[in-house]
Amino acid sequence: MLRALKGVRAPLVLDVATGTGRLPLALLETPTFNGRVWGLDLSRKMLGVAAAKLAGYGDRARLLWQEAERLPFADGAFDLVACLEALEFFEDQRVVLVEIVRVLRPAGVLLSTRRRGRDAFLMPGKALDEKALAALLHELGMEAVEFSPWQKDYDMLWARKPGASAGAQAGVRPLVEVLRCPQCGAPALMEETDGLRCERCRARYPIGAAGVIELRGRRTGGALLDTGSWGR
């Protein structure tokens with residue numbers, strides 16, 4: 001990942017299905033990594049574990065409780081998006097990949113995995129072979145698609161979004177410039193003491209224990225509403 005980000009002064013990385021935060025922690029523990037990492041997951045409990053691991057890194061690590069099918073970020077926000085050991089477990093991995101490609105910057109890198117081995121045969125229609133997965137990524141506009149052995153049950157997958165890299169950057173964009181309101185899509189989220197507020201639709205998103213941003217729930221009139229069916 002560090003080699004893929006070479007030349008980017010302050011990389012912005014998104015880890016989709018971050019789980020307990022292993023990948024953000026590995027990056028932030030590396031002295032040569034000067035960027036910021038966002039971790040997103042649907043499991044609130046796993047995010048709690050990740051938050052404890054990343055507590056010492058302040059705003060360099062931010063965690064979001066939100067589904068991968070609706071990434072709450074601006075187009076072209078990230079230099080690299082990772083999604084490890086997760087594609088086969090999404091209801092529709094094409095929808096997730098469309099979102100990942102959307103939030104990648106030109107020349108941005110996708111790092112993912114492909115399930116293989118005996119267990120892959122137990123996931124028909126989910127564990128795609130190299131040819132099918134490469135064809136899907138090319139259909140979505142990605143290039144330089146490569147696979148390499150990684151673990152017993154997974155191959156590593158790399159792909160790049162076409163376009164010219166921004167190269168050295170002045171710094172990572174502030175929180176309110178990267179996030180979008182999951183309710184209305186507005187680029188107008190404002191940080192408050194206990195959460196975020198959308199200036200357009202007035203939806204409020206609490207920041208829970210250990211600093212996890214709970215985009216999956218919004219507050220209206222003091223009630224926390226489930227947002228799992230928004231836009232469906």
Side-chain angles (χ1 to χ4, degrees), residues 1-41 47 50-51 53-64 66 68 71-84 86 96-113 137 140-146 148 150 156-181 186-191 196 207 210-213 215:
M1 291 180 68
L2 293 174
R3 287 194 296 269
L5 293 168
K6 186 177 181 181
V8 181
R9 178 182 172 188
L12 188 57
V13 174
L14 171 64
D15 186 25
V16 174
T18 193
T20 59
R22 290 181 300 167
L23 186 144
L25 182 63
L27 273 179
L28 293 167
E29 285 183 334
T30 305
T32 55
F33 179 74
N34 298 315
R36 181 184 292 183
V37 187
W38 291 77
L40 178 145
D41 206 282
L47 287 173
K53 291 181 181 179
L54 302 170
Y57 291 97
D59 283 349
R60 292 190 65 200
R62 301 302 294 260
L63 296 171
L64 302 170
Q66 173 73 2
L71 297 178
F73 298 104
D75 295 353
F78 294 94
D79 299 290
L80 186 147
V81 178
C83 183
L84 301 179
V96 175
L97 288 171
V98 166
E99 281 289 273
I100 288 175
V101 172
R102 178 183 66 79
V103 302
L104 274 172
R105 289 173 177 163
V109 174
L110 164 64
L111 167 59
S112 190
T113 51
L137 289 168
L140 299 180
M142 298 293 282
E143 59 186 19
V145 179
E146 297 181 0
S148 59
W150 184 42
M156 188 169 286
L157 160 65
W158 295 89
R160 187 175 294 274
K161 188 173 182 177
S165 172
Q169 300 175 33
V172 175
R173 286 186 283 175
L175 171 68
V176 293
E177 291 187 15
V178 175
L179 280 176
R180 294 293 182 265
C181 175
L189 289 178
M190 303 297 295
E191 283 197 270
L196 305 175
I207 297 180
V212 176
I213 302 171
L215 292 185

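Side chains included, hydrogens not; waters and symmetry mates left out as well; all remaining heavy atoms used.
Taking Val101 as the reference, Leu140, Met142, Lys161 meet the side chain to side chain contact (heavy atoms under 4.5 Å, CB included) condition, with sequence neighbours excluded. Taking Leu28 as the reference, Phe33, Val37, Leu54, Tyr57, Arg60, Ala61 meet the side chain to side chain contact (heavy atoms under 4.5 Å, CB included) condition, with sequence neighbours excluded. Residues passing the side chain to side chain donor-acceptor pair (under 3.5 Å) test with Arg160, sequence neighbours excluded: none. Every residue two or more places apart in sequence or in another chain that forms a side chain to side chain contact (heavy atoms under 4.5 Å, CB included) with Ala4 is listed here: Leu80, Val109, Trp158. Judged as a side chain to side chain donor-acceptor pair (under 3.5 Å), and not counting sequence neighbours, Thr113 has no contacts. Under the rule for a side chain to side chain donor-acceptor pair (under 3.5 Å), the partners of Asp15 that lie at least two apart in sequence or sit in another chain are Thr18. Evaluation of the side chain to side chain contact (heavy atoms under 4.5 Å, CB included) rule for Ser148 yields Met156 as partners, not counting sequence neighbours.
Residue Leu27 comes nearest to Met1 through the heavy atom pair CD1-CE, 3.8 Å, listed as atom of the first residue, atom of the second, then distance. Residues Phe73 and Leu179 approach most closely at CE2-CD2, 3.6 Å, considering heavy atoms. Between Gly163 and Ala107, the closest heavy-atom pair is O-CB, 3.5 Å. For Ala74 against Arg180, the heavy-atom pair with the smallest separation is CB-NH2, 3.2 Å. Considering every non-hydrogen atom in both Arg102 and Asp75, the closest pair reads NH1-OD1, 2.7 Å. Here the shortest heavy-atom pairing between Ser112 and Cys83 reads OG-O, 2.7 Å.
Formation of a donor-acceptor pair under 3.5 Å by the Asp79 side chain with backbone atoms of Leu12 is found in this model. Remark: side-chain polar atoms of Arg105 are paired, donor with acceptor, to backbone N or O of Ala77 under 3.5 angstrom.
Here the OG1 atom belonging to Thr20 is positioned 9.0 Å from the CG atom belonging to Leu25, to the nearest 0.5 angstrom. Between the CD atom in Glu191 and the CD1 atom in Ile213 there is a gap of 7.0 Å [rounded to 0.5 Å]. Distance check: Arg9 CZ to Asn34 CG gives 9.0 Å after rounding to the nearest 0.5 Å. In this structure, CZ in Arg22 is found 8.0 Å from CG in Leu84, a value given to the nearest 0.5 Å. With rounding to the nearest 0.5 Å, the separation of CG in Leu196 from SG in Cys181 is 9.5 Å. To the nearest 0.5 angstrom, Leu14 atom CG is 10.0 Å from Leu23 atom CG.
In this structure, Phe78 and Ile100 have side chains that are not in contact, with every pair of non-hydrogen atoms separated by 4.5 Å or more.
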Residue pair Glu99, Val16: steps toward the side chain to side chain contact (heavy atoms under 4.5 Å, CB included) verdict
CA-CA 11 Å; Glu99 281 289 273; Val16 174; over 6 Å; no

How far apart are the C-alpha atoms of Leu215 and Leu40, what are their side-chain angles, what is the distance that settles it, and do they pass the side chain to side chain contact (heavy atoms under 4.5 Å, CB included) test?
CA-CA 10 Å; Leu215 292 185; Leu40 178 145; over 6 Å; no

Run the side chain to side chain contact (heavy atoms under 4.5 Å, CB included) test on Val103 and Trp38 for me, step by step, so that the C-alpha distance in whole Å, both residues' side-chain angles and the decisive distance to 0.1 Å come before the verdict.
CA-CA 12 Å; Val103 302; Trp38 291 77; over 6 Å; no

Do Leu137 and Leu157 pass the side chain to side chain contact (heavy atoms under 4.5 Å, CB included) test, and can you show the C-alpha distance, the side-chain angles, and the key distance before you say yes or no?
CA-CA 11 Å; Leu137 289 168; Leu157 160 65; 3.7 Å; yes

